Colleague: 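Pasting a structure below so you can have a look.
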Amino acid sequence: MPRGDKARYTEKQERKADHIAEGYEKRGVSEKEAERRAWATVNKDDGGGKKPGGSGRGKQTGHPAAKKGGRKGGTASAARSKADRSAAAKKGWHTRRRKAG
């Protein structure tokens, strides 16, 4: 099987790659780069093509890429000043301390 050949991937894997690529394109990534990243994600999730002859067939998938949700968060907190973040942390500490006992 030549390098880059997608013949051993299932329909579901292809749909998954298309969906991931669309998400990247919405965020401004070029079409070629989005497709490259999408297939890299599918390979990371599934370990390769699942059809007979594909190295990933029959192996358990841990779906590591699916657990990356929420990692883009924190921008609102980062936009606040150090004093604001510190005040919020102190307020939270006092609240937890008060409610603990």
Side-chain angles (χ1 to χ4, degrees):
M1 187 163 73
R3 197 169 164 90
D5 186 17
K6 304 292 186 261
R8 297 292 180 196
Y9 289 88
T10 63
E11 290 292 317
K12 183 176 181 179
Q13 286 176 310
E14 289 176 18
R15 286 195 309 272
K16 190 177 189 181
D18 289 341
H19 183 71
I20 294 166
E22 282 176 28
Y24 277 122
E25 286 174 30
K26 280 183 186 173
R27 285 188 259 161
V29 177
S30 73
E31 187 176 336
K32 189 175 179 181
E33 176 65 9
E35 189 165 333
R36 188 194 68 74
R37 289 185 191 181
W39 282 110
T41 304
V42 169
N43 284 333
K44 186 173 187 179
D45 275 356
D46 298 341
K50 292 290 183 188
K51 286 186 181 174
S55 63
R57 187 170 175 83
K59 293 182 182 174
Q60 181 75 24
T61 60
H63 303 291
K67 295 188 191 256
K68 289 191 175 181
R71 293 237 183 127
K72 289 176 67 185
T75 50
S77 178
R80 295 163 68 187
S81 70
K82 186 175 186 328
D84 282 345
R85 287 197 311 273
S86 180
K90 286 176 185 172
K91 182 181 177 190
W93 181 83
H94 284 291
T95 302
R96 286 190 297 275
R97 187 175 178 206
R98 191 176 66 244
K99 291 187 174 186

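Predicted model, so just to flag it, every value in this text is computed and none were measured.
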Colleague: Please report the shortest heavy-atom distance between Ala78 and Arg85, naming the atom on each side.
Modeller: O-NH1, 4.1 Å
Colleague: Measure the spacing between CZ of Arg98 and CZ of Arg96 and express it to the nearest 0.5 Å.
Modeller: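 Going from CZ on Arg98 over to CZ on Arg96, the span is 11.5 Å.
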Colleague: Which pairs, with at least one residue in residues 21-34 and sequence neighbours excluded, count as a side-chain hydrogen bond (donor to acceptor under 3.5 Å, both in side chains)?
Modeller: Glu33-Arg36, Glu33-Arg37
Colleague: To the nearest 0.5 Å, what is the distance between CG on Asn43 and CD on Gln13?
Modeller: 8.0 Å
Colleague: Tell me, with the steps shown, if Glu14 and Trp39 meet side-chain contact (heavy atoms from CB on, under 4.5 Å).
Modeller: CA-CA 9 Å; Glu14 289 176 18; Trp39 282 110; 3.8 Å; yes
Colleague: Do Lys6 side-chain atoms and Gly4 backbone N/O form a donor-acceptor pair below 3.5 Å?
Modeller: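 Confirmed, Lys6 side chain pairs with Gly4 backbone.
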Colleague: Check Ala34 against Ala21 and note the closest heavy-atom contact, atom names and distance.
Modeller: CB-O, 3.7 Å
